[in-house]
S.K.: 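This structure is in structure tokens; I'll ask about it shortly.
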2 protein chains.
Amino acid sequence: MKNQDDSLNHAMIEFYEKLSSWEMAVVKDKGFSLPQVHTVEILGLNGPMRMKELAQKIGITTGTLTVQIDKMVDAGLVVRVPHANDRRSILIELTESGQAMFAEHDKLHMQLTHDLTAKFDDSERAMLLDFFERINKEF
Amino acid sequence: MKNQDDSLNHAMIEFYEKLSSWEMAVVKDKGFSLPQVHTVEILGLNGPMRMKELAQKIGITTGTLTVQIDKMVDAGLVVRVPHANDRRSILIELTESGQAMFAEHDKLHMQLTHDLTAKFDDSERAMLLDFFERINKEF
DNA sequence: ATCGATTTATTTGATAATCAAACTAAGTTT
DNA sequence: AAACTTAGTTTGATTATCAAATAAATCGAT
């Protein structure tokens, strides 16, 4: 099934490109930069996280992230808290204001998700969720 | 079904974040910048495109894109060709070398897609493709 | 236990990406 | 044809990014 694999691959890439473009547009409308929103999004979904892990998830170096986090601390979005077991590490955590920003951004995503799957029936939507969860597990 | 909608939304975001992270890592390994690969990817999937359309898809201004395309022309990845009907516009088109880069990058995506859906059976994979295509159509 | 190697985060200096605004040229409208 | 809009480029300033150097904490192997 070479052709179908190709189609699936390209459909997936197209989805990624479109979501990426949507995200850029949404971010620019608000007063925040893409890395900042990205950070809020990741912390909101996964909870507090070490610098290194966060940098890997975003796909930037820790040096770059340090600068970004500095700005976000100044903006009151996140705080640095010491790591319980490893004194080299710190955890980056959303403040209440950061959580509010996550909630607001998440709402936009929710609306988008809703729109994109408007023509799906309940069982299809459940299947789509199952597919995404299985794919994410493999990642 | 508020909870399920939430789950679907977050699974979708998680997928996007992971794909985004994967893309960053892949790009950095090669000698090219993210915008360059992004451009090649979009042109490879959609064919030649005007500056404005390309900028919108990437999510940057045309001013920024002009600079990027300059570099990519120098690198031999793309060419500017005049638009047939509108002399204000130009089309950005992949060169052979650009197409080769797309093919190589696409291969990596293909491998990823394959790995992520390794545990899917044929009918599930077909359904996933159908879902993605319907979602992309709504975007 | 201790010394060397590794890991974590930060800092620094240089480069690259980005934007907004001004500009040129080509199309569109009235 | 004059006024307006659109497409792409240029410019000047800002921001993001990296690689490499640094400092502190942990780990590992003797």
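In what follows, every chain begins at residue 1, and chains take the letters A, B, ... in the order their sequences are listed.
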S.K.: Are B/I135 and A/Y16 co-members of a hydrophobic cluster defined by side-chain heavy atoms under 4.5 Å apart?
M.R.: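 Yes, A/Y16 connects to B/I135 through the hydrophobic network.
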S.K.: May I have the list of side-chain donor-acceptor pairs in residues 47-56 of chain B shorter than 3.5 Å, sequence neighbours left out?
M.R.:
none

S.K.: Can you sort out the partners of A/F15 under ring-ring contact (aromatic ring centres under 6.0 Å, His included), two or more places apart, ordered by chain and number?
M.R.: B/F132
S.K.: Looking at B/G59 and A/K28, what are the two nearest heavy atoms and their distance?
M.R.: O-NZ, 2.7 Å
S.K.: Over its full length, what angle do the end axes of the helix from C/dA1-D/dT30 to C/dT30-D/dA1 make, each axis taken from five pairs and the result rounded to 10 degrees?
M.R.: 40°
S.K.: Using a 4.0 Å heavy-atom cut-off, does B/T66 contact any base of the nucleic acid, only the sugar-phosphate backbone, or nothing at all?
M.R.: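 Counting heavy atoms under 4.0 Å across all strands, the contact made by B/T66 includes a base.
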S.K.: Taking only side-chain nitrogens and oxygens of B/Q36, does any of them come within less than 4.0 Å of OP1 or OP2 of C/dA16?
M.R.: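 Negative; the distance criterion is not met.
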S.K.: Are any non-hydrogen side-chain atoms of B/D5 and B/L8 less than 4.5 angstrom apart?
M.R.: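 They are not in side-chain contact.
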S.K.: Shortest non-hydrogen contact from B/N136 to A/K18?
M.R.: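 What the structure gives for the nearest pair is O-NZ, 2.9 Å.
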S.K.: Distance alone, cut at 3.5 Å: any donor-acceptor contact between the side chains of A/H10 and B/D106?
M.R.: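 A donor-acceptor contact under 3.5 Å links the two side chains.
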S.K.: Kindly give the cluster partners of A/V67, where membership spreads through any ILVMFWY side chain lying under 4.5 Å from a current member.
M.R.: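 Members alongside A/V67: none; it stands by itself.
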S.K.: Report all side-chain donor-acceptor pairs from residues 69-78 of chain A shorter than 3.5 Å, counting only partners two or more places apart or in another chain.
M.R.:
{"residue": "A/D70", "atom": "OD1", "partner": "A/R80", "partner atom": "NH1", "Å": "3.1"}
{"residue": "A/D70", "atom": "OD1", "partner": "A/R80", "partner atom": "NH2", "Å": "3.0"}

S.K.: In this structure, how many angstroms lie between the P atom of C/dC19 and the CZ atom of A/F32, rounded?
M.R.: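 Those two atoms, CZ and P, are 18 Å apart.
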S.K.: I'd like to check the ring-ring contact (aromatic ring centres under 6.0 Å, His included) partners of B/F120; sequence neighbours left out, ordered by chain and number.
M.R.: A/F131
S.K.: How many whole angstroms separate atom CE of A/M72 from atom P of C/dA9?
M.R.: 16 Å
S.K.: Mind calculating the distance between CE (B/M24) and P (C/dA17) to the nearest angstrom?
M.R.: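 B/M24 atom CE is separated from C/dA17 atom P by 12 Å.
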S.K.: Could you tell me whether A/L65 contacts a base, only the sugar-phosphate backbone, or nothing, with contacts defined as non-hydrogen atoms closer than 4.0 Å?
M.R.: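 A/L65: no heavy atom of the nucleic acid under 4.0 Å.
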S.K.: Enumerate the protein-to-nucleotides 27-30 of chain C contacts in which both atoms are nitrogen or oxygen and the separation is below 3.5 Å.
M.R.:
{"residue": "C/dG27", "atom": "OP1", "partner": "B/R87", "partner atom": "N", "Å": "2.9"}
{"residue": "C/dG27", "atom": "OP2", "partner": "B/R87", "partner atom": "NH2", "Å": "3.2"}

S.K.: Return the 5'-most residue of the pair A/V67, A/S89 with respect to DNA chain C, ranking by each residue's nearest nucleotide.
M.R.: A/S89
S.K.: So, are B/K137 and B/E133 salt-bridged, with charged N and O less than 4.0 Å apart?
M.R.: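 No.
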S.K.: Considering only side-chain heavy atoms of A/R80, which listed nucleotide, C/dT10, C/dA9, C/dT18, is closest?
M.R.: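 Nearest to the side-chain atoms of A/R80, counting from C-beta on, is C/dT10.
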S.K.: Could you list the cluster mates of B/V79? Members are the ILVMFWY residues connected by side-chain heavy atoms closer than 4.5 Å, either directly or through other members.
M.R.: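 For the cluster that includes B/V79, the remaining residues are B/V81, B/L91.
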S.K.: Are the side chains of A/L112 and B/N9 in contact, using a 4.5 Å heavy-atom criterion?
M.R.: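 With C-beta onward as the side chain, the pair stays apart.
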S.K.: Mind checking which nucleotides bracket the chain A contacts on DNA chain D, 5' to 3', with an atom under 4.0 Å from a heavy atom?
M.R.: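 That gives a stretch of D/dA16 to D/dT26.
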S.K.: Whole-Å distance between C/dA16 C1' and B/D70 CG?
M.R.: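 After rounding, the gap between these two atoms is 14 Å.
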S.K.: Considering only heavy atoms, which members of residues 53-62 of chain B lie under 4.0 Å from some atom of DNA chain D?
M.R.: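 Going residue by residue through residues 53-62 of chain B, the ones with a heavy atom under 4.0 Å of DNA chain D turn out to be B/T62.
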S.K.: Nearest 0.5 Å, please: how far is CD in B/E41 from CE in B/M101?
M.R.: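 If I round to the nearest 0.5 Å, the distance is 9.5 Å.
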S.K.: Nearest 0.5 Å, please: how far is NZ in A/K119 from OG1 in A/T117?
M.R.: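 It is 11.5 Å, given to the nearest 0.5 Å.
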S.K.: Kindly state which residues belonging to residues 38-50 of chain B come within less than 4.0 angstrom of DNA chain D, counting heavy atoms of the residue only, listed by number.
M.R.: B/R50
S.K.: Quickly work out the B/M51 CE to C/dA25 C1' distance and round it to whole Å.
M.R.: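 Rounded to the whole Å, the gap is 15 Å.
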S.K.: Listed by chain and number, what are the ring-ring contact (aromatic ring centres under 6.0 Å, His included) partners of B/H105, not counting sequence neighbours?
M.R.: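 Residues passing ring-ring contact (aromatic ring centres under 6.0 Å, His included) with B/H105: B/H109.
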